[in-house]
Amino acid sequence: MSMKDRFQGKDYLTLMDWKPEEIKYILDVSADFKRQRMMKQRHENLAGRTIAMVFEKNSTRTRFSFQAAIAHLGMQSFYSTPQTMQLARGEPIKDTARILDRYCDGLVIRTFGQDVVEEYAAYMDSPVINALTDLTHPCQGLADMLTMREHKGKLKGLKVAYVGDPWNVCQSLMVGSSLMGMDMYVALPKGWAPNEKITKFANEHAADNGTQMVITDDIEEAFAGADVVYANTFHSMGHKDIEERKKAFAKYQVNDETLAMADKHAIFMHCLPGYRGEEMTDSVIEGPQSAVFDQGENRMHTEKAVLALFIQ
Ligand code: CP
Ligand code: NVA
């Protein structure tokens with residue numbers, strides 16, 4: 001089967017489902033879109049298609065980048081929240097999924113549990129695309145890797161240092177790093193850890209590739225010589241223990257001093273939204289090493305590639 005046919009009609013629920021060469025291909029298609037190649041054959045058949053977007057959590061980047069990508073590809077999106085759908089009065093997901101499937105050629109969904117996106121996928125023939133769950137953020141993972149590749153010219157051999165909530169974004173980055181041959185160091189206070197299943201997957205793939213996947217409470221160990229310093233909020237959407245987290249994570253801030261521990265050519269990345277004065281300082285996000293707005297832009301290019309490849 002040719003590479004481009006491997007994705008058609010499939011779900012995009014986690015990076016764990018894809019091989020390194022398939023991820024590389026999605027990134028290549030994203031880069032093509034970014035260079036504004038029209039690739040008519042890939043998306044002429046998408047004109048007039050419809051994409052449902054159901055978002056149970058707030059979003060700026062994911063919502064608008066998908067809606068822009070959908071419009072650029074000649075498709076139309078319908079955005080809704082579960083609160084304004086009959087889901088709110090208890091209509092089961094399995095009924096909602098089968099109805100949406102009769103109207104739409106794909107579903108982009110942001111929710112809490114990974115089991116929710118899996119249930120939609122089980123009841124829909126059309127592709128289901130994960131726009132963030134508590135477990136993973138695979139669309140962010142693609143944009144992150146495209147940004148690293150653009151700024152550093154490669155993925156293999158890079159050292160990525162991460163601070164922030166060890167959740168969806170971190171976990172997709174752990175999966176992506178372990179598959180694509182990057183070393184990843186996650187700096188966390190003692191007592192905090194990423195999901196066990198993700199950690200096992202990342203450890204096994206890092207071992208196969210001879211790369212590092214390290215969880216450490218030592219920010220110096222994590223940042224030393226890093227090519228990419230990645231920050232994320234200490235308190236993701238849905239967490240109630242915000243003050244406890246801010247206190248526990250406070251010393252894992254990317255500021256001028258900690259950024260200087262990394263390679264002098266390191267880039268600073270953040271999935272955003274970010275909190276100046278918590279996980280990063282204003283000087284870092286606004287500084288010369290910051291790649292965060294390229295990274296935000298790349299959400300649109302990678303999502304366009306996912307739509308063009310997966311939607312039939
Ligand atoms: N990075 C990201 O997913 O941002 P939004 O929450 O604004 O979509
Ligand atoms: N970890 C963050 C990412 C937001 C894009 C959250 O879940 O809130």
Side-chain angles (χ1 to χ4, degrees), residues 12-15 30 51 53-70 77 79-82 107-117 129-148 160 162-176 184 186-189 192-195 198 228 230-246 248-249 252-254 268-276 278-280 285 290-307:
Y12 183 58
L13 304 186
T14 155
L15 279 167
S30 307
I51 305 293
M53 296 179 61
V54 176
F55 278 41
E56 199 166 354
K57 294 179 178 180
N58 291 346
S59 172
T60 298
R61 279 143 289 273
T62 311
R63 174 182 180 171
F64 287 101
S65 59
F66 261 108
Q67 288 188 307
I70 288 166
S77 60
Y79 178 88
S80 192
T81 62
L107 170 68
V108 178
I109 177 162
R110 169 169 283 202
T111 187
F112 291 86
Q114 187 78 10
D115 56 324
V116 174
V117 294
I129 298 170
N130 177 358
L132 178 139
T133 62
D134 294 348
L135 189 73
T136 58
H137 196 359
C139 293
Q140 182 70 52
L142 288 175
D144 294 346
M145 291 190 279
L146 182 65
T147 310
M148 291 176 198
V160 179
Y162 178 98
V163 292
D165 193 6
W167 237 28
N168 39 33
V169 169
C170 176
Q171 290 166 177
S172 285
L173 208 50
M174 287 169 67
V175 171
M184 183 160 171
V186 181
L188 286 175
W192 300 81
N195 172 276
I198 300 277
V228 176
Y230 197 118
N232 190 4
T233 180
F234 299 148
H235 41 91
S236 293
M237 289 179 282
H239 291 322
K240 302 268 186 284
D241 50 351
I242 297 178
E243 291 311 315
E244 186 195 334
R245 284 167 171 274
K246 282 203 235 175
F249 283 76
Y252 299 90
Q253 184 191 63
V254 186
F268 171 70
M269 296 179 66
H270 194 308
C271 59
L272 302 179
Y275 296 87
R276 288 162 169 82
E278 291 186 19
E279 74 275 11
M280 64 183 173
I285 185 173
S290 175
V292 300
F293 297 103
D294 292 341
Q295 184 184 358
E297 176 190 332
N298 282 340
R299 294 295 307 276
M300 184 177 70
H301 305 301
T302 46
E303 278 145 21
K304 210 179 278 181
V306 168
L307 291 162

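Atoms within a ligand are numbered from 1 in the order they appear, just like the ligands themselves. Residue numbers run from 1 in the order of the sequence given.
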- Message: Using heavy atoms and a 4.0 Å limit, tell me yes or no: is D165 in contact with ligand 2?
- Response: no
- Side chain, backbone, both or neither: the part of N168 lying under 4.0 Å from ligand 2 by heavy atom: side chain
- Item | Verdict with reasoning, F249 to H235, per ring pair (Phe, Tyr, Trp, His ring centres under 6.0 Å) | CA-CA 10 Å; F249 283 76; H235 41 91; 9.5 Å; no
- Ring-ring centroid check H239 F234, cutoff 6.0 Å: no
- Please work out which of V169, T233, D134 has its closest non-hydrogen atom nearest to atom 3 (C) of ligand 2. V169
- Query: Which of the atoms of ligand 2 are close to L272, meaning less than 4.0 Å from one of its heavy atoms?
  - Reply: 5 (C)
- Item | Residues forming a side-chain hydrogen bond (donor to acceptor under 3.5 Å, both in side chains) with E279, sequence neighbours excluded | H270
- Item | Selection from M237, R63, R110 by shortest heavy-atom distance to atom 6 (O) of ligand 1 | R110
- The protein heavy atom nearest to atom 4 (O) of ligand 1 is R61 NE, 2.9 Å
- Task: Work out which heavy atom in L15 is nearest to a heavy atom in L142; give both atom names and the distance.
- Result: CD2-CD2, 4.1 Å
- Note on the structure: Atoms of ligand 1 under 4.0 Å from any heavy atom of L272, numbered from 1 in the order shown, are 1 (N), 2 (C), 4 (O)
- Note on the structure: The atoms of ligand 2 lying under 4.0 Å from a heavy atom of M237, numbered in the order shown, are 6 (C), 7 (O), 8 (O)
- Query: Who's the nearest protein heavy-atom neighbour of atom 7 (O) of ligand 1, and how far?
  - Reply: T60 N, 2.7 Å
- Query: atom 2 (C) of ligand 1: which protein heavy atom is closest, and how many Å away?
  - Reply: R299 NH1, 3.4 Å
